[in-house]
Amino acid sequence: MTLQECYAILGGDYAEVSARLPSEKFIQKFVLKFLEDKTYGLLTESWEGGNDEEAFRAAHTIKGMCQNLAFNTLLASSSALTEALRGGRSPEAPALYEKVLADYETTAGAIAAYKEQL
């Protein structure tokens, strides 16, 4: 699997990120670092513990990482969750949280599959 194919699977925009970052090796470095980031764990832990303020910060951080890497599918769901948690948990937040979980699993799975082939 190529990095471009990985982006297609995870719902990203490789052309967008390659216009912003200087080389494929540089993009690869940050894509692989995404798997090591602890923010997703913080989001799930905060959500389950009812700490909406911390869940908001974690969702916002995931949104920022996805924006920088052009992971557009996870960007959309994490952005929606961020807004649903701004100022407290809104009624639509639980469904949006589930969408983030699913999109994260797709993203992380694509990256892990890409990494296995290196």
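Basis for what follows: all heavy atoms, side chains included, without hydrogens, waters or symmetry-related copies.
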So which atom in Pro91 and which in Pro94 form the shortest heavy-atom distance, rounded to 0.1 Å?
O-CD, 3.3 Å
Separation between OG1 (Thr39) and CE (Met65), nearest 0.5 Å, reads 4.0 Å
Would you say the side chains of Gln28 and Tyr114 form a donor-acceptor pair under 3.5 Å?
yes
Worked verdict on Lys25 versus Lys29 for side chain to side chain contact (heavy atoms under 4.5 Å, CB included)
CA-CA 6 Å; Lys25 203 68 166 162; Lys29 174 183 173 182; over 6 Å; no
Side-chain touch Ser77/Leu81, heavy atoms, less than 4.5 angstrom
no
Within a strict 4.5 Å, meaning less than it, do heavy atoms of the Thr61 and Lys63 side chains meet?
no
Ring pair (Phe, Tyr, Trp, His ring centres under 6.0 Å) pairs, two or more places apart, involving residues 72-112
Phe34-Tyr104, Tyr40-Tyr104, Trp47-Tyr97
Would you say the side chain of Thr2 lies within less than 4.5 Å of the side chain of Tyr14, judging by non-hydrogen atoms?
no
side-chain contact (heavy atoms from CB on, under 4.5 Å) with Tyr7: of Leu69, Asp13, Asn72, only one passes, and it is Leu69
Verdict with reasoning, Phe71 to Val31, per side chain to side chain contact (heavy atoms under 4.5 Å, CB included)
CA-CA 10 Å; Phe71 292 171; Val31 166; 4.1 Å; yes
Do the non-hydrogen side-chain atoms of Ile27 and Leu3 ever get within less than 4.5 Å of each other?
yes
Output, in order, the C-alpha distance, side-chain angles, deciding distance and verdict of side chain to side chain contact (heavy atoms under 4.5 Å, CB included) for Thr44 and Leu101.
CA-CA 9 Å; Thr44 59; Leu101 296 183; 3.7 Å; yes
Nearest 0.5 Å please: distance from the CZ atom of Arg89 over to the CG atom of Asp52.
4.0 Å
State, to 0.1 Å, how close Ser78 and Ile62 come at their nearest heavy-atom pair, and which atoms those are.
CB-CG2, 3.9 Å
Here the pair of heavy atoms bringing Ser46 nearest to Ala55 is CB-N, 3.5 Å
Heavy-atom check, side chain of Thr107 versus side chain of Ile9, under 4.5 Å
no
Under 30°, 30 to 60°, or over 60°: which ring-plane class applies to Phe56 and His60, parallel, tilted or perpendicular?
tilted
Restricting to non-hydrogen atoms, name the atom on Glu16 and the atom on Gln67 that form the minimum distance, rounded to 0.1 Å.
OE2-O, 4.4 Å
Would you say the side chain of Ile111 lies within less than 4.5 Å of the side chain of Cys6, judging by non-hydrogen atoms?
yes
Joint hydrophobic cluster, Leu75 plus Leu96, side-chain heavy atoms closer than 4.5 Å:
no
What I'd like to find out is whether the side chain of Leu74 reaches to under 4.5 Å of the side chain of Val100, using heavy atoms alone.
yes
Flag, side chain of Arg20 to backbone of Asn68, donor-acceptor distance under 3.5 Å
yes
Ser79 side chain to Ala76 backbone, donor-acceptor under 3.5 Å:
no
Interatomic distance, OG@Ser90 vs CD@Glu83, rounded to 0.5 Å, equals 10.0 Å
Step by step, work out the salt bridge (Lys or Arg N to Asp or Glu O under 4.0 Å) result for Lys99 and Asp103.
CA-CA 6 Å; Lys99 178 71 171 131; Asp103 291 345; 2.9 Å; yes
Glu105, CD: over 12 other non-hydrogen atoms inside 6.0 angstrom
yes
Is there a side-chain contact between Glu45 and Glu54, using heavy atoms and a 4.5 Å cut-off?
no
